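Below is one structure, written out as structure tokens; the observations come after it.
Predicted model only: the values in this text are computed from it and were never measured. No hydrogens, no waters, no symmetry mates; every other heavy atom, side chains included, goes into these values.
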Amino acid sequence: LSLRAIEIFHEIKADIIFLMPCCLPNKSLSFETAIESVFETSDQSEQYLRWANLLQQTLNHGDDKLSLDRQGVETSLEQIIDVLSPRNALITCVRGVDNT
């Protein structure tokens, strides 16, 4: 679902997206892209952090499926301690940032 949200973010050229993934990707997708790196460890907390980092990288750089212009895109990844779930990574991406 997170990858689809990122794809739609780029397709509709939205200005901002907030993601707080609650689930890991399906292992059956691990043959695609770098998702297999998420499952190189059996530690679920580490898997979640790897997944959040991969989502942030996908927003920053995209993948082969997303060839849209990413200039002026700024992302951040932070853990929100006020969220009670251990799956509390907030990924933010803002389009139209002037990096000059």
Side-chain angles (χ1 to χ4, degrees):
L1 186 58
S2 295
L3 289 175
R4 182 64 182 134
I6 291 169
E7 191 175 329
I8 291 169
F9 168 74
H10 288 298
E11 284 176 6
I12 67 171
K13 297 183 183 347
D15 292 330
I16 193 165
I17 185 172
F18 297 97
L19 292 174
M20 186 173 277
C22 62
C23 302
L24 294 172
N26 189 319
K27 281 188 180 181
S28 68
L29 295 176
S30 67
F31 68 89
E32 291 185 30
T33 65
I35 292 176
E36 65 186 23
S37 68
V38 170
F39 298 106
E40 288 175 350
T41 179
S42 59
D43 181 320
Q44 288 189 348
S45 295
E46 179 64 24
Q47 289 174 344
Y48 179 74
L49 290 175
R50 289 178 182 200
W51 176 232
N53 281 306
L54 181 61
L55 291 171
Q56 183 186 20
Q57 290 172 13
T58 302
L59 281 164
N60 273 331
H61 307 294
D63 62 22
D64 294 337
K65 294 178 186 173
L66 300 172
S67 59
L68 298 171
D69 180 14
R70 284 170 184 73
Q71 291 182 339
V73 172
E74 185 175 291
T75 64
S76 66
L77 170 63
E78 60 183 302
Q79 291 192 282
I80 307 299
I81 58 171
D82 292 332
V83 173
L84 298 179
S85 169
R87 296 187 175 188
N88 60 357
L90 176 63
I91 305 156
T92 305
C93 182
V94 180
R95 186 188 313 277
V97 176
D98 185 5
N99 292 324
T100 58

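Scanning all heavy atoms of the two residues, the minimum distance from Ala5 to Ile17 falls at O-CD1, 3.7 Å. When every heavy atom of Met20 is checked against every heavy atom of Asn88, the shortest pair comes out as CE-O, 3.8 Å. Shown here for Val38 and Thr41, the closest heavy-atom pair between the two residues is O-CG2, 4.0 Å. Taking each heavy atom of Ile91 and Ala52 in turn, the nearest pair found is CD1-O, 3.6 Å. For the pair Pro21 and Tyr48, the tightest heavy-atom approach, listed with the atom from each and the gap, is O-OH, 2.8 Å. Scanning all heavy atoms of the two residues, the minimum distance from Val73 to Leu59 falls at CG1-O, 4.0 Å.
In terms of hydrophobic clustering, with Ile, Leu, Val, Met, Phe, Trp and Tyr side chains grouped at heavy-atom distances under 4.5 Å, Ile80 and Phe18 are assigned to a common cluster. Cluster membership for Leu49 and Leu24, using ILVMFWY side-chain heavy atoms within less than 4.5 angstrom, is not shared.
Each salt bridge (Lys or Arg N to Asp or Glu O under 4.0 Å) pair with one or both residues in residues 43-56, not counting sequence neighbours, appears once here: Glu40-Arg50, Glu46-Arg50. Pairs passing the salt bridge (Lys or Arg N to Asp or Glu O under 4.0 Å) check and including a residue from residues 78-90, sequence neighbours excluded, do not occur.
With sequence neighbours excluded, no residue forms a side-chain hydrogen bond (donor to acceptor under 3.5 Å, both in side chains) with Asn53. Remark: Gln47 pairs with no residue by the side-chain hydrogen bond (donor to acceptor under 3.5 Å, both in side chains) rule, at least two apart or across chains. Applying the side-chain contact (heavy atoms from CB on, under 4.5 Å) criterion to Asp15, with sequence neighbours excluded, gives no partner residue. Scored by the side-chain hydrogen bond (donor to acceptor under 3.5 Å, both in side chains) test, Ser2 finds no partners at all (sequence neighbours excluded).
For Ile16, the CD1 atom is densely surrounded, since the number of other residues' heavy atoms within 6.0 Å is greater than 12.
By the 4.5 Å heavy-atom criterion applied to side chains, Phe39 and Pro25 are counted as neighbours.
We find the CD-SG distance between Gln56 and Cys93 to be 9.0 Å, quoted to the nearest 0.5 Å. Here the CG-CG distance, from Leu77 to Leu54, works out to 11.5 Å after rounding to the nearest 0.5 Å.
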CA sep, side-chain torsions, deciding dist, call: Leu3, Ile35, side-chain contact (heavy atoms from CB on, under 4.5 Å): CA-CA 11 Å; Leu3 289 175; Ile35 292 176; 3.8 Å; yes

